[in-house]
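Just so it is clear: chains get the letters A, B, ... in the order the sequence lines come, proteins before strands, and each one is counted from 1.
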2 protein chains.
Amino acid sequence: MQAYTGTNVSRLPAAAAIVSGGTAAMPRRFDIVTTKLGGAPRNLTKGEELFAEGDAADFFYKVVSGTVRTYKLLSDGRRQIDEFHLSGDIFGLETSHDHRFSAEAVDDATIVAFRRRRFETLAHDDPALGDQVMSSMLCSLERAHDHMMLLGRKTAREKIATFLLNMARRISNDDRFDLPMQRSDIADHLGLTIETVSRTLTQLARDGLIKLAATSRTVVLCDKAALRRLNA
Amino acid sequence: MQAYTGTNVSRLPAAAAIVSGGTAAMPRRFDIVTTKLGGAPRNLTKGEELFAEGDAADFFYKVVSGTVRTYKLLSDGRRQIDEFHLSGDIFGLETSHDHRFSAEAVDDATIVAFRRRRFETLAHDDPALGDQVMSSMLCSLERAHDHMMLLGRKTAREKIATFLLNMARRISNDDRFDLPMQRSDIADHLGLTIETVSRTLTQLARDGLIKLAATSRTVVLCDKAALRRLNA
DNA sequence: CGCAGAGTTGATTATACTCAAATCCAGTGG
DNA sequence: CCACTGGATTTGAGTATAATCAACTCTGCG
């Protein structure tokens with residue numbers, strides 16, 4: 001927990017191991033920690049379910065590549081996607097015994113699973129490990145709160161603008177990027193319908209704020225200033 | 001962090017002190033811990049601001065009595081109330097140096113402030129203390145996620161039903177309770193307008209699911225089963 | 001080439017918003 | 001005790017934003 005302990009996450013070996021996933025390029029001890037936590041890479045095919053709401057939360061996960069969506073369903077099938085987890089993101093760590101979300105691969109993705117019990121044991125010996133996860137959760141909380149503002153008070157145009165700016169920042173440093181998810185995912189994330197998502201994107205393109213490639217998954221942000229004005 | 005460490009919060013002395021606020025009825029050591037954390041009771045009058053978005057987050061708080069709202073504003077004044085904090089709730093603990101919310105008293109309220117820095121020091125010696133706050137944050141995260149579903153995918157009628165059931169549970173064990181906040185607060189919490197809140201409450205009363213007293217702050221849940229059906 | 005899934009576009013509608021006015025209520029002062 | 005005031009709430013009328021229903025287009029792929 002970066003701010004709470006005053007420690008810098010980047011200086012914490014255990015934390016760094018979780019964040020990076022313990023690649024071959026890293027010092028030996030980082031790999032040991034990762035291995036201890038039981039990081040076993042797993043490939044998911046597009047649409048594959050990783051866990052469902054109510055499943056035992058024995059593991060939590062880190063995205064190595066690809067994208068994972070976590071979501072909740074209402075009894076009649078309405079869906080709210082709370083977050084898209086991109087490469088490097090940690091997700092699925094729960095307060096309770098069960099998962100409160102379902103998780104599926106948005107596209108073909110690779111994830112690493114960490115055994116929660118083992119992590120808990122280690123965290124007691126190494127507070128820095130707990131700090132790191134705490135930090136991750138606090139980021140999640142922060143994004144959740146911003147997203148509440150979006151869902152509760154922003155217009156469709158503002159929602160799309162905010163979404164595009166966030167994805168641009170997370171996916172690439174460039175203003176050109178490929179959205180990994182389809183329109184229905186965006187809709188269920190922003191509290192809209194696919195038609196409204198499509199229309200709004202078209203409208204933003206018509207107004208010159210963005211460009212949509214033929215495949216329509218590729219987006220170019222042309223007028224970030226205007227998008228930012230819509231963002232708040 | 002209850003689930004994460006596997007420890008039961010109720011068995012943790014430091015945690016218990018934070019939760020309870022260290023009343024006179026509690027064993028001496030609890031009071032000592034609370035005092036160490038710098039709990040200085042403070043009275044807030046209706047509408048008084050406790051802190052604003054962007055203020056330094058040197059303290060966090062626990063509600064002793066009354067109700068506090070935390071919220072964010074868009075540049076044009078649109079407001080999203082993320083949570084109403086009732087007696088016993090902890091709020092205002094941040095990941096960053098600054099508060100990401102503003103906080104105001106909904107009615108006359110009493111709160112206890114805890115110095116964050118001091119808490120951090122103690123948390124390092126006593127992991128249980130950190131666990132407790134972690135647990136508090138995870139509850140907050142859980143509620144935030146449920147609230148995203150509400151904001152993104154529920155109808156006005158469903159939002160109000162969910163809100164009433166939640167408030168009933170939190171305020172009293174009874175089906176009759178007084179709402180501490182006014183319609184505009186409810187509206188900004190549920191992503192509605194005051195008119196829609198009012199109309200929806202009237203409609204629910206007309207349909208016999210609830211009763212509204214003359215003062216219209218007092219609510220009676222008549223048909224909880226029907227309300228629950230609207231809830232999910 | 002045709003099919004299926006994804007995405008776009010169009011027409012219409014519904015839900016919730018906006019603007020406006022009336023009512024209710026607590027508090028205040030004559 | 002009662003009229004007056006101002007804030008909160010309710011109610012009404014009309015509207016707008018986004019949803020719904022439906023058709024059509026595009027793209028990738030067997």
Polar side-chain atom of Thr45(B) near backbone of Glu48(B) as donor-acceptor pair, under 3.5 Å: no
Sugar-phosphate only, base, or nothing, as touched by Ile194(A) at under 4.0 Å among non-hydrogen atoms: nothing
Carboxylate-amine/guanidinium proximity below 4.0 Å for Arg143(B) and Asp82(B): no
Within the 6.0 Å centroid threshold, strictly below: Phe59(B) and Phe51(B): no
Whole-Å gap separating C1' (dG7(D)) and CZ (Arg183(B)): 14 Å
Nearest-angstrom distance from the residue atom CG of Asp185(A) to P of dG5(C): 16 Å
Distance in angstrom units between Leu192(B) CG and dT17(D) C1', rounded: 15 Å
Candidates dA19(D), dT9(D), dA6(C) - which lies nearest the side chain of Ser198(B): dT9(D)
Pair Asp76(B)-Arg78(B), salt bridge (Lys or Arg N to Asp or Glu O under 4.0 Å): steps then yes or no: CA-CA 6 Å; Asp76(B) 65 355; Arg78(B) 277 174 287 174; 3.0 Å; yes
Ring centres under 6.0 angstrom apart (Tyr61(A), Phe91(A)): yes
Val197(A) or Ser216(B), whichever maps to the more 5' nucleotide of DNA chain D: Ser216(B)
Within 6.0 angstrom of Asn173(A) CG, more than 12 heavy atoms from elsewhere: no
Length of the line joining Leu212(B):CG and dA8(D):C1', which is rounded to integer Å: 14 Å
Listed nucleotide nearest any side-chain atom of Glu195(B), set dT8(C), dA19(D), dC19(C): dC19(C)
Residue Thr193(A), side-chain atoms from C-beta onward, closest of dG7(C), dT20(D), dA16(C): dT20(D)
Proximity to DNA chain D (any heavy atom under 4.0 Å), residues of residues 146-163 of chain B only: none
Nearest-Å distance for atom pair CG/C1', residues Asp107(B) and dA8(D): 15 Å
Thr196(B) side chain, from C-beta outward: closest of dA16(C), dG7(C), dA8(D): dA16(C)
Audit row: Leu50(B), Leu44(B), side-chain contact (heavy atoms from CB on, under 4.5 Å) steps and yes/no: CA-CA 8 Å; Leu50(B) 182 56; Leu44(B) 300 172; 4.3 Å; yes
Proximal nucleotide (of dT9(D), dT9(C), dA6(C)) relative to the Arg217(B) side chain: dT9(D)
Arg217(B) CZ: over 12 foreign heavy atoms closer than 6.0 Å: yes
Which atoms of nucleotides 24-27 of chain D (N or O only) lie under 3.5 Å from a protein N or O atom, and what are those distances?
none

Rounded interatomic separation in angstrom, taking CZ from Arg206(A) and C1' from dT8(C): 10 Å
Nearest-angstrom distance from the residue atom CG of Leu201(A) to C1' of dA6(C): 14 Å
Between P of dA8(D) and NZ of Lys46(B), the distance in whole Å: 6 Å
Residue pairs involving residues 219-230 of chain B (criterion side-chain hydrogen bond (donor to acceptor under 3.5 Å, both in side chains); sequence neighbours excluded): Asp175(B)-Lys224(B)
N-O pairing of Asp188(A) and Arg79(A) below 4.0 Å: yes
Distance-only donor-acceptor test (3.5 Å): side chain Arg199(B), base dT18(C): yes
